[in-house]
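Worksheet: one structure, shown below.
Since the structure is predicted, the reported quantities are computational estimates derived from the model, not experimental observations.
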Amino acid sequence: MSGAGLRERRRPTSADLVDAGFAVVLAVLGVVGFRTVFAGGEELTVGGPAVLVGTVLGFVLLRLRVPLLVSLAVAVAVFFVLGGPLAIRHRALAGFLPSPDAMSGLADGLINGWMRLLTTMPPAGRAGDLLAIPYLCGFAGGALTIALARRYPRRAFCVLPPTAVLVVSVLMGTKRPASLLLQGVVFAAVTLAWVSVRHHRDTGTRL
């Protein structure tokens with residue numbers, strides 16, 4: 001295959017962009033549930049960029065047909081390198097550069113932060129590197145959603161990761177939901193719209 005043909009094959013199609021848009025919206029809506037335990041929109045300032053990075057990375061790795069184990073290794077590396085600048089800036093060098101301290105803090109937050117988050121009185125803030133949790137949920141949610149969407153274009157598996165993020169954020173939050181409108185009505189409407197778009201796209205392809 002020529003260089004021009006290879007670039008054309010790797011260029012995002014309209015279907016790719018539509019799926020990426022839905023993936024980002026649903027994953028971000030899932031992260032919104034952490035609002036009840038964090039203050040000042042921290043869950044979105046951390047989870048939002050994480051969703052974008054995860055979505056782009058998941059799409060690129062799938063489009064380049066990178067082997068699964070290599071993809072996992074790349075995803076883990078990117079996750080930890082960007083963890084300091086995006087999630088635990090107080091540990092990052094100059095507040096935005098990766099550092100060993102940031103990576104160790106991120107690992108500690110991912111291992112021990114779940115119980116801390118459940119037992120910490122809101123707002124949780126940066127104590128105990130708890131923002132590592134919405135960072136992980138956003139990153140994994142974005143990456144898995146777009147990967148499943150493009151890997152299985154005729155299946156609705158892609159709605160499972162953002163739904164899982166939503167469930168986790170609700171379980172980790174307080175008894176009062178962050179937003180019934182966003183977590184219930186909007187999330188359900190966007191999910192149904194995406195499933196409908198993918199169904200009509202598949203139907204049109206078969207005709």
Side-chain angles (χ1 to χ4, degrees), residues 20 23-59 72-147 160-183 186-187:
V24 168
V25 171
L26 284 178
V28 169
L29 287 173
V31 173
V32 167
F34 288 105
R35 183 185 300 173
T36 60
V37 290
F38 291 99
E42 291 174 314
E43 76 289 341
L44 288 180
T45 59
V46 171
V51 169
L52 291 175
V53 172
T55 301
V56 172
L57 181 63
F59 174 79
L72 289 175
V74 171
V76 170
V78 172
F79 177 83
F80 276 93
V81 168
L82 297 182
L86 292 181
I88 47 179
R89 300 182 183 92
H90 59 289
R91 289 182 178 268
L93 291 175
F96 65 93
L97 294 175
S99 70
D101 184 48
M103 294 183 185
S104 63
L106 184 63
D108 178 66
L110 294 177
I111 295 172
N112 302 310
W114 303 93
M115 184 57 66
R116 293 175 190 162
L117 192 60
L118 286 173
T119 57
T120 299
M121 292 294 294
R126 298 184 305 178
D129 301 317
L130 298 180
L131 284 170
I133 294 176
Y135 172 65
L136 169 65
C137 290
F139 185 92
L144 292 175
T145 301
I146 190 63
L160 297 178
T163 302
V165 172
L166 177 65
V167 171
V168 170
S169 68
V170 170
L171 292 177
M172 299 301 292
T174 61
K175 294 181 179 180
R176 183 178 180 180
S179 172
L180 287 175
L181 176 62
L182 293 177
Q183 293 174 274
V186 176
F187 188 91

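Between V24 and L52, the closest side-chain pair of non-hydrogen atoms falls below 4.5 Å. By the 4.5 Å heavy-atom criterion applied to side chains, I88 and H90 are counted as neighbours. Put simply, the side chain of L117 reaches to within 4.5 Å of the side chain of V37, judged on heavy atoms. Looking at heavy atoms from C-beta onward, L44 lies in side-chain contact with V32 at the 4.5 angstrom threshold.
Within the structure, salt bridge (charged side-chain N to carboxylate O under 4.0 Å, His left out) pairs that include any residue of residues 95-106 comprise R91-D101 (at least two apart or interchain).
Nearest heavy atom pair, residue G47 against residue V31, reads CA-CG1, 4.0 Å. Here the closest non-hydrogen pair linking G48 and V28 is CA-CG2, 4.5 Å. Listed here is the closest heavy atom pair of L86 and P49: CD2-CB, 3.9 Å. Summarising the geometry of G33 relative to S169, their closest heavy-atom pair is CA-OG, 3.4 Å, with the distance given to 0.1 Å. Scanning all heavy atoms of the two residues, the minimum distance from G141 to P161 falls at O-CB, 4.1 Å. The two atoms that bring G142 and A27 nearest to each other are N-CB, 4.1 Å, heavy atoms only.
Annotation: the span from I133 atom CD1 to F38 atom CZ amounts to 6.5 Å, rounded to 0.5 Å. Rounding to the nearest 0.5 Å gives a distance of 9.5 Å between CG of L26 and CG of L166. Note: L130 CG to N112 CG = 10.0 Å, rounded to the nearest 0.5 Å. Atom OG1 of T45 and atom CD of E42 lie 6.0 Å apart (nearest 0.5 Å). The CG atom of L144 sits 10.5 Å away from atom CG of L160, with the distance rounded to the nearest 0.5 Å.
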Side-chain donor/acceptor pairs under 3.5 Å, residues 73-84, sequence neighbours excluded:
none

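With sequence neighbours excluded, the residues satisfying side chain to side chain contact (heavy atoms under 4.5 Å, CB included) with A50 are Y135, F139.
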*Can you list the steps and then say if D108 with R116 is a side-chain contact (heavy atoms from CB on, under 4.5 Å)?*
CA-CA 11 Å; D108 178 66; R116 293 175 190 162; 2.9 Å; yes

